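Note that this is a predicted model, so its numbers are computed, not measured. Note that the numbering runs from 1 along the sequence shown for the chain.
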Amino acid sequence: MVKMDVRRAFGRWFCLAVVINFAQYYISELPFMSPPYNAVNLFETGLLFNYLNWMSALIVALPFATSFCADWKSRSALSQILRSGRSRYIRSKLIAAGLSGALVEAVGLFIFFLALLAGGTLDETRELYAHRGYFAKIIADAHWSYYVIGAIAIRSLAGAFGALSGLAFSSFVPNRYFALCFPLFLTRVSMEIQWSSASIPAWVNLLALSEGLIQRDFWSTIGIAVMVFGVGMALCFLSFTLGVRRRLEHG
């Protein structure tokens, strides 16, 4: 069951999502790619100042967040559950959605960084970040690879959470458009909540957290991202499980 869903998740929609994700980062930095440029510096600005960054919440949902909607509408969900069991069906959907969402971000960003390296340089990278604070200061303190790997890891966690939140919502409202847009809606709500009061911590804003912009150092930011997105994914697991059970019992 898991193998079948993973194959479905990593089909043409996954490839399209990766291309769109890469393109939004690359196009945002294209005007600044006049050699010589610093690849790490453009990688950071592509993450932080990309005006389409918020669309990532929708892009990560493209490969598999609507899978339960498709199964339910085609009435294949019941036959799949009868063959494999309810627990295996639920677990398979969650694994495929989480993996595809995470890898849309990871693969898109990795290709983006390789594209920057192809025409850029790593000269004076530490000097550029010597006076930076918070998350990016790790570049001056240690090595640029820490930042790149850490940034991709956080975005991958955000991608997994986004895809899972869409899947979980679809078990209550099996509409593919709502499933795709729900991660975007959730991100926007988190932004509005955090902006509503200065006393609310920056990590409540899911977009800011996925960018590492929560005014904490590198390792604290990584830890908070793991905690917040981990709890979010656990809630998605629970919600999807309850939603599928409810739908099977009541139709």
Could you check whether atom [atom1] of [X] has more than 12 heavy atoms from other residues, nucleotides or ligands sitting under 6.0 Å from it?
{"X": "Phe237", "atom1": "CZ", "value": "yes"}
{"X": "Phe172", "atom1": "CZ", "value": "yes"}
{"X": "Arg176", "atom1": "CZ", "value": "no"}
{"X": "Phe110", "atom1": "CZ", "value": "no"}

The side-chain contact (heavy atoms from CB on, under 4.5 Å) partner of Phe161 among Leu186, Val231, Leu235 is Leu186
Using side-chain contact (heavy atoms from CB on, under 4.5 Å), reason through Ser171 and Arg247 one step at a time and then give a plain yes or no. CA-CA 7 Å; Ser171 66; Arg247 195 150 289 280; 5.7 Å; no
What I'd like to find out is whether the side chain of [X] reaches to under 4.5 Å of the side chain of [Y], using heavy atoms alone.
{"X": "Phe64", "Y": "Leu99", "value": "no"}
{"X": "Asn21", "Y": "Glu105", "value": "yes"}
{"X": "Leu122", "Y": "Leu117", "value": "yes"}
{"X": "Ser56", "Y": "Tyr25", "value": "yes"}

Roughly how far apart are [X] [atom1] and [Y] [atom2], rounded to 0.5 Å?
{"X": "Glu192", "Y": "Ile200", "atom1": "CD", "atom2": "CD1", "answer": "11.0 Å"}
{"X": "Tyr26", "Y": "Phe112", "atom1": "OH", "atom2": "CZ", "answer": "9.0 Å"}
{"X": "Glu29", "Y": "Asn41", "atom1": "CD", "atom2": "CG", "answer": "8.5 Å"}

Salt-bridge present (Asp217, Lys137; N to O < 4.0 Å): no
For the pair Phe113 and Trp144, name the ring-plane relationship: parallel under 30°, tilted 30 to 60°, perpendicular over 60°. tilted
Tell me if the aromatic rings of Phe240 and Phe68 count as close, with their centers under 6.0 Å from one another. yes
